[in-house]
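Some notes on the structure that comes next.
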Amino acid sequence: MPEQTVRWAGGLDGHIQIIDQTLLPAEFKVLALQTAEQVWEAIKVLRVRGAPAIGVAAGMGVVLGIRSAPDDEDEVLERVAKTADYLATSRPTAVNLFWALERMKRVADEHRGEGGAAIKQTLLAEAKDIRDDDARMCRTIGQAGQHLITEGCGVLTHCNAGGLATAEYGTALAPMYRAHELGRHFRVYADETRPLLQGARLTMWELGQAGIDCTLICDNTAAVVMRQGKVDLVIVGADRIAAGGDVANKIGTYGVAVLAKHHGVPFYVAAPSSTFDLSLDSGDAIPIEERGSEEVTHGFGRQTAPDGCKVYSPAFDVTPASLVAGIITERGLIEKPTRERIAEVLG
Ligand code: MRU
């Protein structure tokens with residue numbers, strides 16, 4: 001990756017730098033975000049996207065929201081809560097967003113009594129730690145899942161759960177990066193991922209940069225490549241995983257899991273512990289974002305459906321745990337996930 005997906009530049013008076021993912025692959029541009037409002041917008045329109053990367057940006061966004069507050073402690077703490085509540089309205093599904101905001105609020109609270117100026121510095125350090133922790137978790141996920149990518153195998157992925165979607169290295173793509181580093185040869189099939197084409201624009205871009213053999217397929221080609229025996233396993237990322245192992249991820253993931261089941265192809269999910277929401281019993285309780293109709297009818301500026309037509313565009317779907325062969329986490333591989341196995345590994 002030529003630049004970190006999300007990073008803090010400078011001291012407390014610095015800014016967030018993100019790769020603007022709406023422009024890829026045609027243009028590589030690093031954007032400076034100076035306000036919490038700019039962070040909200042960047043998350044909303046998917047300049048920064050992917051569950052872990054959203055969490056990192058939101059944590060840093062809290063710092064942007066509080067730094068101009070007077071150094072009075074109560075005012076700083078009030079601003080932390082207000083900024084966190086505001087950023088929480090940007091997107092509803094990826095739990096990493098709420099996880100990071102809660103972590104920032106908790107740390108602010110733990111440092112009560114140290115004064116507003118000190119709390120600001122502490123929160124800046126915490127936001128950077130969220131980024132660094134995510135980078136470490138992704139590397140560990142890569143190591144925990146690399147054995148699944150065997151010499152000569154074919155692996156299919158959906159959406160983008162790579163370095164662009166995380167602090168670096170990715171979740172679903174991490175085992176592939178690790179296997180590549182270990183000198184293994186394999187083929188990746190990337191679903192293009194309608195309607196916003198994260199697979200075509202982002203996964204193909206970053207796997208290409210890494211020199212990994214990667215073939216773009218239309219979403220509706222997944223069944224055929226499985227039937228042709230070209231796919232030995234599927235690995236996808238996740239936006240939220242319920243206590244029993246149901247997995248919310250990019251719309252179309254559930255369909256891929258059903259296809260994989262039919263063709264006897266193991267379906268894996270890769271995600272850090274920050275993507276689990278143990279407060280939810282089942283995937284039915286996961287809030288699913290619905291996106292605007294224009295992303296379907298006028299994708300990338302070209303009209304592809306009649307004016308005024310009705311559109312239903314959920315951004316995510318839920319794959320039941322029964323279709324999941326395993327969840328690769330930084331704490332190890334949870335095979336055939338159940339409530340008990342997940343609780344055991346996550347503690
Ligand atoms: O709408 P997006 O692009 O944010 O959706 C991203 C995904 O669905 C990813 O698969 C998921 O967030 C995991 S990223 C490591």
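If you read the sequence from its start, that first residue is 1, and numbering goes on from there. Numbering of ligands and ligand atoms starts at 1, following listing order.
The residues Glu126 and Arg103 are annotated as salt-bridged, a charged nitrogen and a carboxylate oxygen being separated by less than 4.0 angstrom. Using a 4.0 Å cut-off between charged side-chain N and carboxylate O, Asp85 and Lys82 make no salt bridge. Between Asp134 and Arg131 there is no salt bridge, since none of the side-chain N atoms of the basic residue sits less than 4.0 Å from a carboxylate O of the acidic one.
With a 4.0 Å cut-off on non-hydrogen atoms, Lys250 touches ligand 1 through its backbone as well as its side chain. Counting heavy atoms under 4.0 Å from ligand 1, residue Ala161 touches it through both backbone and side chain.
The N/O atoms of His158, backbone and side chain alike, include none that comes under 3.5 Å of an N/O atom in ligand 1. Checked by distance only, ligand 1 and Thr171 stay at 3.5 Å or farther apart across all their nitrogen or oxygen atoms. Here's the thing with Thr166: none of its N/O atoms is less than 3.5 angstrom from an N/O atom of ligand 1.
Near Asp239, the atoms of ligand 1 lying under 4.0 angstrom from a non-hydrogen atom of the residue are 7 (C), 8 (O), 9 (C), 11 (C), 12 (O). Interface atoms of ligand 1 facing Ala51, defined by a heavy-atom separation under 4.0 Å, are 12 (O), 14 (S). Every atom of ligand 1 is numbered from 1 in the order shown, and the set under 4.0 Å from a heavy atom of Gln198 is 1 (O), 2 (P), 3 (O).
Pairing each heavy atom of Glu295 with each of Leu196, the nearest pair is OE1-CD1, 3.6 Å. The heavy-atom pair separating Ser282 from Asp284 by the smallest distance is OG-N, 2.9 Å.
For the ligand labelled ligand 1, residue Arg91 lies inside the 4.0 Å heavy-atom shell. At least one heavy atom of Pro52 sits closer than 4.0 Å to an atom of ligand 1. For the pair Val236 and ligand 1, no heavy-atom separation below 4.0 Å is found.
Residues in residues 301-325 take part in no salt bridge (charged side-chain N to carboxylate O under 4.0 Å, His left out) pair, two or more places apart or across chains.
By the 30° and 60° cut-offs, the orientation of the rings of Phe186 relative to His180 is perpendicular.
Across the listed options Ala165, Gly50, Ala238, Ala238 owns the non-hydrogen atom lying nearest to atom 13 (C) of ligand 1.
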Chi angles and distances behind the side-chain hydrogen bond (donor to acceptor under 3.5 Å, both in side chains) call for Tyr177, Glu206: CA-CA 10 Å; Tyr177 285 135; Glu206 59 168 280; 2.6 Å; yes

